[in-house]
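Just so it is clear, the values below take in all heavy atoms, side chains as well, and ignore hydrogens, waters and symmetry mates. In what follows, chains carry the letters A, B, and so on, assigned in the order in which the sequence lines appear, proteins first and then strands, with residues in each chain numbered from 1.
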There are 2 protein chains.
Amino acid sequence: MSRQKEVILDVLRKVRTHPTADEILLMARRRVPALALGTVYRNLKLLCDEKKVRRIPMEDAPDRYDGFTEPHDHLICLDCGKVYDVPSLQTKEALEAKLGAKVSGYEMKVYFVCPNCQREE
Amino acid sequence: MSRQKEVILDVLRKVRTHPTADEILLMARRRVPALALGTVYRNLKLLCDEKKVRRIPMEDAPDRYDGFTEPHDHLICLDCGKVYDVPSLQTKEALEAKLGAKVSGYEMKVYFVCPNCQREE
DNA sequence: AATAGAAATGATAATCATTCCTATATCATG
DNA sequence: CATGATATAGGAATGATTATCATTTCTATT
């Protein structure tokens with residue numbers, strides 16, 4: 001595990017904001033000033049393959065990354081884009097029962113307007 | 001509703017393959033040969049706003065579009081990328097009950113390996 | 001410690017879906 | 001028929017992500 005990879009993982013584990021690759025770059029550069037964006041993307045992919053990090057693909061914005069890999073789903077504010085963790089809303093087993101087919105996985109995103117943004121309206 | 005927009009919608013309603021913007025362009029050009037890709041994208045966005053079409057954002061591939069807007073979810077083959085329709089696997093109400101918050105909507109994709117692709121292994 | 005080979009890095013260029021821009025065409029209406 | 005409003009085609013621009021590649025850093029072995 002290279003220094004860069006280590007720092008990237010550590011940064012992700014210290015934060016619950018589900019940062020983008022860019023944001024990870026900024027945070028990690030405080031410890032590895034010369035870090036390049038390509039290196040961030042490359043290591044994020046490796047870490048995802050190793051199941052140490054989870055990618056959260058965003059529909060109309062840069063993807064975000066999550067250092068916590070226990071199963072959970074995401075609740076996303078349509079206004080400010082903030083991503084909240086929520087307990088799993090599905091199980092593979094329930095899906096397989098409903099669908100009558102072996103399931104490899106699922107990706108679920110719930111959209112809402114967060115309390116902060118609601119107040120502002 | 002312009003001729004182009006009409007053809008794009010009609011093409012989408014005649015097909016259950018959830019085509020990409022490119023594929024829609026090819027199909028629609030049989031009836032509007034001069035059709036431009038930008039026009040396809042613009043009208044797809046308009047049709048989505050009018051709730052006549054639904055976008056299916058893909059995680060690692062071009063987005064796909066669905067001319068059927070009754071609520072349903074999607075089952076996606078990890079091998080060939082084919083997209084199948086399945087009945088809704090969630091309700092807003094159930095999600096709101098679980099989460100204790102008003103929900104605007106959700107987007108759920110289930111991954112599997114389709115029978116065709118399974119056979120080939 | 002010296003070194004060969006492998007692996008990872010930083011910098012830059014390439015990719016590719018999608019959006020933006022602009023001059024032109026179409027259309028409805030007075 | 002002129003006018004204004006709207007939509008179009010085509011091409012250029014954008015922006016996130018990947019690929020490339022020369023150089024640097026590790027690692028293990030002598």
Atom-pair distance (CG on Leu35(A); C1' on dT12(C)), nearest Å: 16 Å
Between Arg42(A) and dT18(D), is there a side-chain N or O to OP1/OP2 distance below 4.0 Å? no
Reckon Gln4(B) has a side-chain N or O less than 4.0 Å from the OP1 or OP2 of dT26(C)? no
Return yes if some donor-acceptor pair links the side-chain N/O of Glu59(A) with the main-chain N/O of Pro57(B) below 3.5 Å, else return no. no
Taken to the nearest whole Å, CG/Leu37(A) to C1'/dA11(C) is 11 Å
In whole Å, what is the span from the CD atom of Glu23(A) to the C1' atom of dT17(D)? 16 Å
Between dA17(C) atom C1' and Asp22(B) atom CG, what is the distance in whole Å? 9 Å
5' precedence on DNA chain D between Gly38(A) and Val40(B) (nearest-nucleotide basis): Val40(B)
Look at Tyr41(A) and dT17(D) and indicate whether a side-chain polar atom (N or O) is within less than 4.0 Å of OP1 or OP2. yes
So what does Thr39(A) hit on the nucleic acid, given a heavy-atom distance under 4.0 Å: a base, only sugar-phosphate, or nothing? base
Please check the phosphate of dT9(C) (OP1 and OP2 only) for any side-chain N or O of Ser2(A) closer than 4.0 Å. yes
With a 3.5 Å distance limit and no angle check, can you tell me whether Glu120(A) reaches the backbone of Cys117(A) through a side-chain donor-acceptor pair? no
Show me the protein contacts with nucleotides 25-27 of chain D, counting only N or O atoms at under 3.5 Å.
none

Given atom CD of Glu6(A) and atom C1' of dT9(C), what is their separation to the nearest angstrom? 15 Å
Expected list for residues 43-65 of chain B near DNA chain C, using heavy atoms below 4.0 Å, is Lys45(B), Pro62(B), Asp63(B)
Sub-3.5 Å donor-acceptor pair from the side chain of His18(B) to the main-chain atoms of Asp66(B), do we have one? no
Rounded at 0.5 Å granularity, tell me how far CD in Gln90(A) sits from CE in Met108(A). 6.5 Å
Any side-chain to backbone donor/acceptor pair from Glu107(B) onto Lys109(A)? Under 3.5 Å, distance only. no
Just by modelled atom types, is the Leu89(B) backbone N or O under 3.5 Å from a matching donor or acceptor in the Lys98(A) side chain? yes
N/O donor-acceptor pair under 3.5 Å between Asp10(A) side chain and Glu6(A) backbone: no
Donor-acceptor contact present, side-chain Lys5(B) to main-chain Leu47(B), <3.5 Å: no
Between the main-chain N or O of Thr17(B) and the side-chain N or O of Arg64(B), is there a donor-acceptor pair closer than 3.5 Å? yes
